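Below: the structure, in structure tokens.
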Amino acid sequence: MHCDPRFARVREVFERQFTDGQELGAAFAVYHRGELVVDLWDGIADRHTGRPWLRDTPAFAYSCTKALTATVLLQLAERGLVDLAAPVADVWPEFAARAVTVEHLLTHQAGLPVIETPVPVAEFGDQPAMAARLAGQEPLWEPGSAHGYHALTYGFLVGEVVRRVTGKSVGELVAAEIAGPLGLDLWMGAPDDVIARAARITGPARRPATPAPEPAPEAPSEAAAPREAPGGGDVVDRMAAAARDPESLMNRALGNPAMRLLDGGANHPVILRAGWPAAGVVTTAAGLAGFYRALVAGELLRPATLADAIRPRVAGPDRVLVVDSSFGLGFMRPSMTFLMPSRTAFGHSGMGGFLGLGDPEHELAVGYVMNRMADMVSGSMRAHRLTEAVYASLPDIS
């Protein structure tokens with residue numbers, strides 16, 4: 001393990017979270033001004049076998065994937081192969097919602113957060129088939145008039161645009177143009193040898209006190225939110241109520257295609273191989289942080305492209321997540337669903353507590369992966385505490 005002495009408090013927080021029983025296995029990596037200043041890992045990768053977490057242990061990082069998918073599409077836009085302002089139907093003629101633009105897909109404004117027909121397990125590896133299910137649907141709201149987190153459909157929609165333009169999947173382009181050239185331990189569609197050493201995701205730690213009501217199996221905990229929402233009301237209670245309601249837009253968006261239909265859910269090889277462009281990346285902490293290091297350094301996108309991509313396009317009440325969220329072009333911005341010590345940070349979290357972020361102003365990149373999921377009711381403050389410690393350690397702001 002490695003931790004620059006200037007970032008000693010980060011290591012202290014990382015170790016404390018193991019001592020307090022919050023972690024099973026986890027890794028945390030930080031680049032500052034292009035230098036790897038924190039590279040920590042500890043714990044158990046598989047609680048059933050006791051297999052230890054190693055530096056090269058990858059984990060399924062859920063929606064951290066969306067930032068990679070956005071980057072692939074933005075690379076195509078830089079090359080003049082995609083017009084973000086154009087209707088999706090220009091490159092996907094079967095797409096019926098003519099008012100939906102490519103930008104609407106990236107900003108969660110398309111009104112298509114749910115696949116209305118159940119996706120069979122046999123189709124989990126067939127992204128074009130899932131995209132075809134969405135192609136004929138009517139948006140749930142007027143595209144561009146509101147935003148709501150497209151938890152899984154984001155990937156099938158953006159992924160189909162990429163496929164129509166290039167003939168390749170997002171995962172293939174990530175391998176060819178991001179992970180491969182940069183030498184990152186990061187896969188969108190993991191090969192068998194990576195699956196064999198991947199961390200095994202497990203549920204939240206049981207608390208000794210009487211627990212709060214269990215959330216639905218697919219309930220989100222992409223970031224812990226303050227308990228009080230602007231204008232009053234308990235945010236956690238509102239999210240929990242939506243999570244318990246099987247007909248809520250939240251559960252409908254998160255529950256189809258349903259990973260829980262497979263033995264082990266996200267641990268199943270079918271999911272790890274599938275490379276869904278909204279929730280499919282398998283990565284180490286250093287691999288995820290390395291992706292953001294390259295973004296911040298201008299190696300993947302032109303600085304002007306990135307600056308425009310992280311400019312907030314939507315902010316406020318999220319029709320799916322219930323609380324306020326904010327998005328640029330595929331990237332989360334600081335909000336209740338992306339708690340950040342810095343207003344210049346951008347990135348994406350992943351269900352259960354995963355986190356990837358970059359910050360151009362502070363020349364910072366962070367990756368956090370683990371295998372003990374947080375529940376929706378308590379949320380996950382682990383990544384937030386680590387990130388706070390990073391910012392507190394920066395010489396220019398400490």
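The model shown is predicted, which means the values in this text are computed figures rather than measured ones.
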Practice problem: Tell me, with the steps shown, if Arg343 and Glu361 meet salt bridge (charged side-chain N to carboxylate O under 4.0 Å, His left out). | Solution: CA-CA 10 Å; Arg343 301 303 298 178; Glu361 181 172 319; over 6 Å; no

Quiz item: Does Arg47 use its side chain to pair, donor to acceptor, with the backbone of Ala45 at less than 3.5 Å?
Solution: no

Self-check item: Arg382 side chain to Gln22 backbone, donor-acceptor under 3.5 Å
Solution: yes

Quiz item: Applying ring pair (Phe, Tyr, Trp, His ring centres under 6.0 Å), which residue pairs with at least one partner in residues 266-286 are found, sequence neighbours left out?
Solution: Phe124-Trp276, Phe156-Trp276

Self-check item: From Glu160 atom CD to Leu134 atom CG, the distance as rounded to the nearest 0.5 Å
Solution: 10.0 Å

Self-check item: Pair His348 and Phe331, ring centroids less than 6.0 Å apart
Solution: no

Quiz item: Between Asn256 (side chain) and Val119 (backbone), is there a donor-acceptor pair under 3.5 Å?
Solution: yes

Practice problem: Report yes if some heavy atom in the side chain of Arg302 is under 4.5 Å from a heavy atom in the side chain of Leu306; otherwise report no. | Solution: no

Quiz item: Can you find a pair of side-chain heavy atoms, one from Thr101 and one from Val88, that are under 4.5 Å apart?
Solution: no

Quiz item: Do Thr69 and Lys66 get their side chains close enough for a donor-acceptor pair, meaning under 3.5 Å?
Solution: no

Practice problem: Would you give the length of the straight line joining atom CD of Glu35 to atom CG of Asp4, rounded to the nearest 0.5 angstrom? | Solution: 6.0 Å

Quiz item: Under 4.5 Å between side-chain heavy atoms, hopping through other hydrophobics if needed: is there a path connecting Leu357 to Phe7?
Solution: yes

Quiz item: Side chains of Leu173 and Gln75: does their closest heavy-atom pair fall under 4.5 Å?
Solution: no

Quiz item: Do Arg333 and Pro312 come within less than 4.5 Å of each other through their side chains, counting heavy atoms only?
Solution: yes

Quiz item: Is it true that Glu177 and Arg79 have a side-chain N and a carboxylate O under 4.0 angstrom from each other?
Solution: yes

Practice problem: Could you grab the distance from atom OG of Ser248 to atom CG of Leu254, nearest 0.5 Å is fine? | Solution: 8.5 Å

Self-check item: Gap between atom OG1 of Thr117 and atom CE of Met130 - 0.5 Å precision
Solution: 11.0 Å

Self-check item: Test: Arg372 and Glu23 ion pair at under 4.0 Å
Solution: no

Quiz item: Under 3.5 Å, is there a donor-acceptor pair linking the side chains of Thr107 and His147?
Solution: no

Self-check item: side-chain contact (heavy atoms from CB on, under 4.5 Å) between Leu300 and Leu182, intermediate numbers included
Solution: CA-CA 10 Å; Leu300 295 175; Leu182 294 174; 4.0 Å; yes

Quiz item: Leu105, Val82: one ILVMFWY side-chain cluster at the under-4.5 Å cut-off?
Solution: yes

Quiz prompt | Distance-minimising heavy-atom pair for Ala266 and Leu272 | solution = O-CD2, 3.4 Å

Practice problem: Heavy atoms only: give me the nearest His150-Leu157 pair and the separation to one decimal. | Solution: CD2-CD1, 4.2 Å

Self-check item: ILVMFWY cluster, Val174 and Leu184 together (side-chain gap under 4.5 Å)
Solution: yes

Quiz item: Is there a donor-acceptor pair under 3.5 Å between the side chain of Asn251 and the backbone N or O of Ala243?
Solution: yes

Quiz prompt | Closest approach of Gln127 to Ala274 (non-hydrogen atoms, all atoms of both residues) | solution = NE2-O, 3.1 Å

Exercise. Determine, using the 4.5 Å side-chain heavy-atom cutoff (strictly less than), whether Leu288 and Met351 are members of one ILVMFWY cluster.
Key: yes

Self-check item: Over 12 non-hydrogen atoms of neighbours within 6.0 angstrom of CG in Asp193
Solution: yes

Quiz item: Say you draw a straight line from CD of Gln109 to OG of Ser145; how long is it, rounded to the nearest 0.5 Å?
Solution: 8.0 Å

Quiz item: Would you call the rings of His108 and Tyr154 parallel, tilted or perpendicular if under 30° counts as parallel and over 60° as perpendicular?
Solution: parallel

Quiz item: Is the closest side-chain heavy-atom distance between Val282 and Val194 below 4.5 Å?
Solution: yes

Exercise. Could you tell me whether the side chain of Trp141 and the main chain of Ala146 form a donor-acceptor pair under 3.5 Å?
Key: yes

Exercise. Would you check, one step at a time, whether the test side-chain contact (heavy atoms from CB on, under 4.5 Å) holds for Leu386 with Val366?
Key: CA-CA 10 Å; Leu386 287 164; Val366 170; over 6 Å; no

Practice problem: Please report the shortest heavy-atom distance between Val13 and Ala389, naming the atom on each side. | Solution: CG2-CB, 4.0 Å

Quiz item: Using 4.0 Å as the upper bound for N to carboxylate O, is an ion pair formed by Arg293 and Glu299?
Solution: yes

Exercise. Would you list the pairs meeting ring pair (Phe, Tyr, Trp, His ring centres under 6.0 Å) in which at least one residue belongs to residues 280-318, sequence neighbours left out?
Key: Tyr292-Phe346

Exercise. Would you kindly confirm whether Leu364 and Leu36 end up in one hydrophobic cluster when ILVMFWY residues are joined by side chain heavy atoms under 4.5 Å apart?
Key: no

Self-check item: ring pair (Phe, Tyr, Trp, His ring centres under 6.0 Å) pairs, two or more places apart, involving residues 73-97
Solution: Trp92-Phe95

Quiz item: Of the non-hydrogen atoms in Pro93 and Arg98, which two are nearest, and what is the gap between them?
Solution: O-NH2, 3.0 Å

Practice problem: Step by step, work out the side-chain contact (heavy atoms from CB on, under 4.5 Å) result for His384 and Thr387. | Solution: CA-CA 5 Å; His384 182 67; Thr387 305; 5.5 Å; no

Quiz item: Side chains of Arg385 and Gln17: donor-acceptor distance under 3.5 Å anywhere?
Solution: yes

Self-check item: Asp318 vs Thr337 side-chain heavy atoms within contact, under 4.5 Å
Solution: no

Exercise. Please round to the nearest 0.5 Å and tell me the distance separating atom CG of Leu112 and atom CZ of Arg133.
Key: 15.0 Å

Quiz item: Is the closest side-chain donor-acceptor distance between Asn371 and Thr202 under 3.5 Å?
Solution: no

Quiz item: Taking the side chain from Glu172 and the backbone from Ser169, do they hold a donor-acceptor pair closer than 3.5 Å?
Solution: yes

Quiz item: Is a donor on one side and an acceptor on the other found under 3.5 Å between the side chain of Gln137 and the backbone of Ala97?
Solution: no

Exercise. Taking the side chain as every heavy atom from C-beta outward, state whether Cys3 and Leu40 have any atom pair closer than 4.5 Å.
Key: yes

Quiz item: Is any NZ, NE, NH1 or NH2 atom of the basic residue among Glu116 and Arg252 found under 4.0 Å from an Asp or Glu carboxylate oxygen of the other?
Solution: yes

Quiz item: Between Arg11 and Asp42, does a salt bridge (charged side-chain N to carboxylate O under 4.0 Å, His left out) hold up when you go through it step by step?
Solution: CA-CA 11 Å; Arg11 184 166 191 159; Asp42 202 357; over 6 Å; no

Quiz item: Are Phe18 and Phe14 close enough that their ring centres sit under 6.0 Å apart?
Solution: yes

Self-check item: Exercise: identify the closest heavy-atom pair between Met259 and Ile271
Solution: CG-CD1, 3.8 Å

Quiz item: Any sub-3.5 Å donor-acceptor pair from Arg163's side-chain atoms to Pro128's backbone N or O?
Solution: no

Practice problem: Determine, step by step, whether Val369 and Thr284 satisfy the side-chain contact (heavy atoms from CB on, under 4.5 Å) criterion, reporting the C-alpha distance in whole Å, the side-chain angles of both residues, the deciding distance to 0.1 Å, and the verdict. | Solution: CA-CA 7 Å; Val369 300; Thr284 62; 5.7 Å; no

Self-check item: Min side-chain heavy-atom separation Ile178-Val72 under 4.5 Å
Solution: yes

Self-check item: Exercise: do Asp324 and Ser335 side chains pair donor with acceptor under 3.5 Å
Solution: no

